[in-house]
Every structure is written in structure tokens, then in C-alpha cells.
Protein chains: 2
Amino acid sequence: MTDVRTWALPATGADEHGPCGDEDCGIRDVLDRLGDRWSVLVLVELTKGVRRFGALKAAVPGISQRMLTVTTKRLVRDGLVERTVYPTIPPQTDYRLTPTGESLARAVADLADWSRRHKEVIALARARFDRDHPGEL
Amino acid sequence: MTDVRTWALPATGADEHGPCGDEDCGIRDVLDRLGDRWSVLVLVELTKGVRRFGALKAAVPGISQRMLTVTTKRLVRDGLVERTVYPTIPPQTDYRLTPTGESLARAVADLADWSRRHKEVIALARARFDRDHPGEL
DNA sequence: CCGAATCCGCAGCGATACTG
DNA sequence: CAGTATCGCTGCGGATTCGG
């Protein structure tokens, strides 16, 4: 082991500066909403019009009441969804997209289109990878 | 409690059918990638060109070595990123976007634009909500 | 320099039961 | 019908250590 190699590199000079682009680029704010399991699904469903709590629950199969309440509440908090409560005797609650919510929904729809167009390519890549590198990931 | 109200509703007739739209709509596949904390950031950084492991780590401030390895590996698995290893003596690894990865990065960039344009509106809505409904969420 | 392996806290989410 | 409260599990992700 007389070979001294101090782990020095020829220096690629690739010394970038900041976080991701120029500034703080608040992608995270949006992605934290889109990141959870349900927000997007609810958003998409509301694209089709006003929905009541139960209708949403029915339209988003896997979701639990709890997660639906939590999700809608977060969306309302961010000003993406508006909630209207009718104090009838079985209570009724309507959810609708705000203008902001609609514009986000459109942006998301574009991403959905992308995923539909590429889902097979991705599935194929995954299959390849899992075949060539079994046991990883 | 003689008042019998079986919790029946006037029937809104809002009986949607399937999961989210028409079919399975594989938004989830993509969102599961975008959902985690780092994939998008790495993707965006790679938009600027080929990057080595260390350069990525430097460009994505908060990330740990572990999460960078995990993230890149997942991206490679999905065929969004290509990995080139040079068996030099300190090893060198380059990451670059595949064509698929580039197209996804563009779609994501649109979403980033949206978030930048609306971040203040959202922040405002949140502040309002937290002020009017303290203790929730 | 690049990465694998281990340990561990904590948030997300589901299941269930209860209220108005 | 719409929503709250509590519990328990699971997996992401951070810190750290070891290896080629």
C-alpha cells in the first residue's frame, strides 16, 4: 500500500452555485400538496364540477373519510378549494374549485397526460432494470 | 327521539362511476416519483447538463448522500436518468437526463412556473385560514 | 470520490368508533 | 351525511459508519 492516492480529482470545474436555479424556487410548496396520496385525485374530480363530501368519497375509491376531510381541509387552506356548508338536517357540504385551484388543476392535467403517454415506457424501463439488477430497490 | 330521520338525502344523483376519470389514469406512477422530497430537484438540476455525483449533491443543498443515491437510482430505474461510471481511481459517475427524462423535466418546469406565479396567493390564503381557524391543521 | 449498510425518529395514512 | 378522535402500522428520510 505504498501507493499514495489522496483521493484528489483532476477537478472537473463543475462548481455550481445555489439551490436549484436562481432563487429559492418554491416548487416545494406546490409539490408538498401534490406529493400526498390524494390531493391530486380530489383536484381532478373537482374539475368535473361541484361535489359533495360523499360524492367525492365515492369518486376516489380508495380514500378513507379521514383522509378526505384532511385533504379537502388542506386544499381549502391553500385557497384551491372552496367549501360551502348548508345547515340542513342531514348536513350538506359542497366543494368546488376556486379560480386558483382550476388553474392548478389544468397544470396537473398536463402532467397526467404526460404520465399516460409515457407510462408504458417507464414500465418497460423498470422491468429491464429489475431484471438486470435483481434485489436492488 | 321519536323523530325518525333515517339520514336519507333528496338524492343528488351525483353517482360517478370509476376511479378518477375514465380509466385507471396512471397519474400515480408519475406522482410517486414527484412526491418524494428530492426527485424533482435532481431532475431540474440535470436539466442544465451532465452532472457528477458530487456536483448534484452540491447543487441540491439539503440532500444527504444517502438520499441522493436512492433518488438517482430510482430515476435510473424509471429510465429518466442515465448513469455512466468511469472506473478511474477515484471513481467518477456522471448523470444525465434521458430523452424521456427531459420531456418530464419540461412538464415539471411548467408546474414550477405555476408555483412561482401563485406562491404569494397561496401564502396569503394560508395566512387567512390560519388566522380565522386557529388550531386546525 | 462514490456508494452501501445500519439504526432510528417521525409524519402519512388506514381502521375503527363516536358525535351532531 | 359530514366530521372528529384515537390508535397503530409503515416507509421516508436523516445521521452515521464502513468499503472500493
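Here is how names work: the chains are called A, B, and so on, in the same order as the sequence lines, proteins then strands, and each is numbered from 1. Predicted model, so just to flag it, every value in this text is computed and none were measured.
Residue B:T93 places at least one side-chain N or O under 4.0 Å from the OP1 or OP2 atom of C:dG3. Contact annotation: B:Y95 reaches the phosphate of C:dG3 (side-chain N/O to OP1 or OP2, under 4.0 Å). Within the structure, every side-chain polar atom (N or O) of B:R37 is placed at least 4.0 Å from both OP1 and OP2 of C:dA11.
A straight line from CD of B:Q92 to P of C:dG3 spans 11 Å, rounded to a whole angstrom. Rounded to an integer number of Å, the gap from CH2 of A:W38 to P of C:dC13 is 9 Å. Rounded to whole angstrom, the span from the NE2 atom of A:H133 across to the C1' atom of C:dG3 amounts to 15 Å. Taking atom CD1 of B:I63 as the reference point, atom P of D:dC12 lies 14 Å away to the nearest angstrom. Between the P atom of D:dG3 and the CG atom of A:D94 lies a distance of 10 Å, rounded to the nearest Å. Note: CG (B:L31) to P (C:dG12) measures 16 Å, nearest angstrom. B:L68 has its CG atom 16 Å from the C1' atom of D:dC12, to the nearest Å. In this structure, the CG atom of A:D32 is 9 Å from the P atom of C:dG12, given to the nearest Å.
Using a 4.5 Å cut-off on side-chain heavy atoms (C-beta onward), B:E102 and B:L46 make no contact. Using a 4.5 Å heavy-atom threshold, the side chains of B:T98 and B:V81 count as separate. B:E45 has its side chain within reach of B:L56: a pair of non-hydrogen atoms, C-beta onward, lies under 4.5 Å apart. Between A:V60 and A:L68 the shortest side-chain heavy-atom distance does not fall below 4.5 Å. Looking at heavy atoms from C-beta onward, A:R33 lies in side-chain contact with A:D78 at the 4.5 angstrom threshold. The side-chain heavy atoms of B:L137 and A:K73, taken from C-beta on, include a pair separated by under 4.5 Å.
Nearest-nucleotide positions on DNA chain D for A:V85 and B:M67 put A:V85 closer to the 5' end.
Residue pairs meeting the ring pair (Phe, Tyr, Trp, His ring centres under 6.0 Å) criterion with at least one partner in residues 104-137 of chain B, sequence neighbours excluded, are B:W114-B:H118, B:F129-B:H133.
Of the candidate nucleotides D:dC1, D:dG13, C:dC1, C:dC1 has the atom lying nearest to any side-chain atom of B:P91.
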In B/S/- notation (B base, S sugar-phosphate only, - none; protein heavy atoms under 4.0 Å), nucleotides 4-10 of chain C written 5' to 3' is S-B----
